[in-house]
Amino acid sequence: MNQKTFLSDLEKNLSERNIDDIAGIVEEYEEHFKFKLADGYTEDEIAARLGSPQEIAAQYKPSGTGQPVGNSGMKALVAAGLSLLFIPALSMIILFFGWVIVLGALAVASTALGVLLIGGIDPVGLIPFIPGFGAVVMGVCLLGLALLSGIGAVYCLRYAVQWVKAYFHWNRRCLARATGRPVAPSIAAVPQFTPRNRRLLRLLTGLSMAVFGVSFILGYIVLALSAGALEFWHVWGWFVS
Amino acid sequence: MNNQYKKGVVELCILSLLSRNDTYGYDVADTLTRHMELSDGAVYPIMRKLKDDGLVSTYLAEPSGGPPRKYYTLTQTGRKVYEAEKKDWLAFVRTIEKILEDDGHEPKNLSE
């Protein structure tokens with residue numbers, strides 16, 4: 001088959017199947033012939049290697065199929081729904097970041113008190129009576145808590161940020177689907193850590209939990225022995241005004 | 001190479017080639033048919049489908065001292081889809097490799 005026959009057969013088959021932009025498609029095969037001819041192939045060889053025009057035309061999708069209904073009515077509906085959904089979503093976002101602030105504050109406060117107890121200093125005079133050794137142990141316990149809540153704050157922050165990103169990305173995908181535009185793949189809703197960071201976080205979490213747990217038990221025993229009573233805070237009048 | 005494996009992969013390969021640089025249809029088709037057992041005309045309909053799906057777009061440009069030619073480029077969505085599908089495909093291939101290598105029939109070394 002020569003080039004002219006091939007291209008006109010192709011054009012005929014494409015129009016029979018009601019394909020869009022036939023001229024553009026035919027042009028591409030014309031270009032293909034041009035390049036192959038320059039490489040020294042004959043028109044017959046090129047046509048043979050391309051295959052039958054009928055089979056090629058069968059691989060193109062006719063216009064109007066597979067296109068989802070992308071009218072402005074659908075988009076308006078989706079947009080309205082998403083705007084309404086934003087109110088509870090905003091509450092979720094506030095909640096997440098609230099957690100970050102709370103855990104962060106806990107980490108800071110525990111660090112401060114832990115350091116004071118270990119150092120045995122009481123700059124503002126607010127720390128009640130607590131014997132030296134017990135104070136140190138409890139100080140260590142608080143530092144463990146500080147590390148634990150610090151990690152919690154970091155994780156919550158990463159989680160909150162990722163959740164926000166995923167939520168707005170999901171909004172964009174819904175709108176794209178409603179208007180028949182291409183839809184980007186979804187992104188993860190949970191934070192993605194590198195394997196190294198994940199191992200580090202796990203190690204630190206385990207470590208801080210161990211430190212917190214062990215020193216709390218030890219500290220309690222020491223303080224109870226010092227006071228000679230299980231409820232040593234009564235003996236030393238901690239919560240008495 | 002078996003036809004069934006090819007079908008799902010040609011799109012991925014087209015996206016991969018376009019992710020490195022924009023080029024015209026023949027360039028993509030020629031590169032792929034040289035490396036894989038594909039019929040010459042198989043690539044063009046697939047590129048048209050990628051364009052209809054919004055993963056690639058075309059523009060006219062004049063290569064140095066020549067007539068204007070239609071160039072293909074990845075859209076932003078196309079790039080994201082490519083990255084996601086590339087990851088999926090590579091993970092899939094690694095899993096299959098592991099299964100096949102564990103079947104107890106290791107290819108014999110020449111020295112054995």
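Residue numbers start from 1 in every chain, and the chains themselves are labelled A, B, ... in the order their sequence lines are given, proteins ahead of strands.
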Rounded distance [0.5 Å steps], NZ in B/Lys49 versus NZ in A/Lys61: 5.5 Å
Most chain B-contacting option - heavy-atom pairs closer than 4.5 Å, from A/Ile187, A/Ile25, A/Ile56: A/Ile25
Check ion pair B/Arg69-A/Glu31 (N to O, under 4.0 angstrom): yes
Salt bridge (Lys or Arg N to Asp or Glu O under 4.0 Å) involving B/Glu85 - partner list, sequence neighbours excluded: none
A/Tyr29 versus B/Pro45, closest heavy-atom pair with distance: OH-CD, 3.6 Å
Verdict with reasoning, A/Ile19 to B/Arg48, per side chain to side chain contact (heavy atoms under 4.5 Å, CB included): CA-CA 11 Å; A/Ile19 309 287; B/Arg48 170 60 52 127; 5.8 Å; no
More than 12 heavy atoms of other groups within 6.0 Å of A/Arg198 CZ: yes
A/Glu16, CD atom: more than 12 neighbouring heavy atoms under 6.0 Å: yes
Over 12 non-hydrogen atoms of neighbours within 6.0 angstrom of CH2 in A/Trp99: no
Heavy-atom neighbours of A/Phe193 CZ exceed 12 at 6.0 Å: yes
Option that, when pairs with chain A are counted at under 4.5 Å, heavy atom only, ranks first among B/Thr58, B/Asp40, B/Asp30: B/Asp40
Heavy atoms of other groups near B/Arg34 CZ, more than 12 under 6.0 Å: yes
Inter-residue atom distance B/Lys51.NZ - A/Asp21.CG, 0.5 Å rounding: 6.0 Å
Contacts of residues 32-51 of chain A with chain B (heavy atom under 4.5 Å): A/His32, A/Phe35, A/Lys36, A/Asp39, A/Arg49, A/Leu50
Flag if over 12 foreign heavy atoms under 6.0 Å of CZ, A/Phe97: yes
Residue A/Gln59 excluded, over 12 heavy atoms near CD under 6.0 Å: yes
